[in-house]
> 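Could you have a look at this structure, given as structure tokens, before my questions?
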Protein chains: 2
Amino acid sequence: MNINQNIKVAVDAIVFGYSENQLNVLLIKQKYGVLKNKWALVGGFVKDNETLFEAVNRELQEETGITVNYLEQLFTFGDDIQRDPRGRVISVAYFALVNSTKFNVRADSDAEEAQWFSIAALPDLAFDHKLILETALKRLQNKLTYQPIGFDLLPKEFLFSDLENLYCTLLNKEIDRRNFRKKILSFGIIEETDKFGSKKNGRPAKLFKFKKLKYNKLTKEGFVFDIYFA
Amino acid sequence: MNINQNIKVAVDAIVFGYSENQLNVLLIKQKYGVLKNKWALVGGFVKDNETLFEAVNRELQEETGITVNYLEQLFTFGDDIQRDPRGRVISVAYFALVNSTKFNVRADSDAEEAQWFSIAALPDLAFDHKLILETALKRLQNKLTYQPIGFDLLPKEFLFSDLENLYCTLLNKEIDRRNFRKKILSFGIIEETDKFGSKKNGRPAKLFKFKKLKYNKLTKEGFVFDIYFA
DNA sequence: CCAAAAGTGTTTGCGCTACACCCATGC
DNA sequence: GCATGGGTGTAGCGCAAACACTTTTGG
């Protein structure tokens, strides 16, 4: 191909986790280069013979060893020509969800340091990663209301109160417990188990499961997941 | 930058227009290369010193001379390594809307042939442009229901019946005229003019205008545009 | 017995849905 | 005067919103 172009293509992943009523993001400490010791999203350059999707998965694997529950393309950042001080780089950003309670960050092959940060207390970020993160957060908030992705931030079996808190926390809203429960249960996409989880205090609560297959089936029949708010 | 990467970055635009109750797409006939004489989306390679956004606008200008009413990034296609027979190319696709009635396609500088096609009668498309087009169409259909982008497909002043037909046609739904009108008017984002447009037959109909500024203001105050269907 | 969280029903009001008749114009 | 599309009002019903007390457990 006789096109003369000197633009590099990278992928970045915004990995969200949720624990103790806090939304967290996974960041990596840069070990080399101008931005050494700054924190950045998981990511790196795409190889010539891998798809974008393979590239993100590889980076996630190499840099953190994590397995994500949900992954989708978010946006491609290429409108700031100088977003990377090393040269012209565009970044295809992906948006990932993890049940982070089961996940221990590992310092891996590339031996960078990976760490969870509460989005309430973020460090300075390298490149335009703050912008990317804000974009991802908006997407998360929107998507929560029309797709059942909240479940991907919770353990397989979860308490209703945790689901409720997740929605309250991420959307900054107060929700009526009774109406919320009624609404979610009316969808018929979660199932009561016979197990109980426990908080420190109070009456023990049933554990619930998200029925993904049922959800997929209903979706094909025209069902639309949707949570409104007062 | 000592990264060895041989991936080219292109942009493509899916330009939708609407006339005579038909959704149309703007395509370009390829003049050179393996895909000579095949039809393709407007697009081309990004230059080193221009943003992605500038690149799409430049290509739109160069290849068609068109001015679009709406332009947003759609998706980045890079999961088929062989989507371009000339080598590894990823394409950042954009989604554009035009009031096509006022627009006459011009064969321009690059002297390729530009032409509107009804999406009901598309020719074979080059590359993975069929996939891109389908993605764009879904986005259009979704977005119509929660953002007032239908107006960007109509003239500045339009008939209510045209707006209604646009929704019916693009969403393949039947809509009750009275309820549709009531709903739209209740938003307070369109304005009656004192002019009349005319179809061939029947009683003349008032022309309406979309009040974009009012919409923006309302949006800041929490208003959400939303059209449901039976 | 007290504190803490879980679990549960009913009433009210708003908004979507369904539905049919008259009006203005051109020919 | 007839054909064609434009313009309008209402009644019922379903669903979301608002709202408070009882239950179970641990200490």
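Note: hydrogens, waters and symmetry copies are ignored here, and every other heavy atom, side chains too, is used. The model shown is predicted, which means the values in this text are computed figures rather than measured ones. In what follows, chains carry the letters A, B, and so on, assigned in the order in which the sequence lines appear, proteins first and then strands, with residues in each chain numbered from 1.
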> Please enumerate all residues that pass ring-ring contact (aromatic ring centres under 6.0 Å, His included) together with A:Phe187, with sequence neighbours excluded.
A:Phe223, A:Phe225
> Centroid separation under 6.0 Å, is that true for the rings of B:Phe16 and B:Tyr18?
no
> Output the rounded distance in Å from CG (A:Leu207) to P (C:dA6).
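These atoms are roughly 12 Å apart.
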> OP1 or OP2 of D:dG5 less than 4.0 angstrom from a side-chain nitrogen or oxygen of B:Ser161, does that happen here?
no
> Taking the ring centre of each residue, are B:Phe210 and B:Phe158 less than 6.0 Å apart?
no
> At under 4.0 Å between heavy atoms, how does the protein contact nucleotides 20-27 of chain D? Give one character per nucleotide, 5' to 3', with B, S or -.
B--BBB--
> Over how many whole Å does the gap from A:Ile184 atom CD1 to C:dG7 atom C1' extend?
16 Å
> Send over the distance from B:Asp226 CG to C:dG15 C1', rounded to a whole Å.
13 Å
> To the nearest Å, how far apart are B:Phe180 CZ and D:dG7 P?
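Atom-to-atom, B:Phe180 to D:dG7, this comes out as 13 Å.
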> Nearest whole angstrom, please: distance from the P of D:dG12 to the CG of B:Asn179.
16 Å
> Between A:Asp162 (CG) and C:dA5 (P), how many Å, whole number?
12 Å
> Do NZ/NE/NH1/NH2 and the carboxylate oxygens of B:Asp226 and B:Lys183 come within less than 4.0 Å?
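Here B:Asp226 does not pair with B:Lys183 in a salt bridge, since their nearest N and O are not under 4.0 Å apart.
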> Phosphate oxygens OP1/OP2 of D:dA16: is one of them under 4.0 Å from a side-chain N or O of A:Lys182?
no
> Quickly work out the A:Lys183 NZ to D:dC15 C1' distance and round it to whole Å.
8 Å
> Can you tell me how far P of C:dG7 sits from CG of A:Leu185, to the nearest Å?
10 Å
> Looking at B:Phe77, I'd like to know if the NZ or CZ of B:Arg83 sits under 6.0 Å from its six-membered ring centre while staying within 45 degrees of the ring's axis.
no
> Should we count NZ of B:Lys209 as having more than 12 external heavy atoms under 6.0 Å?
no
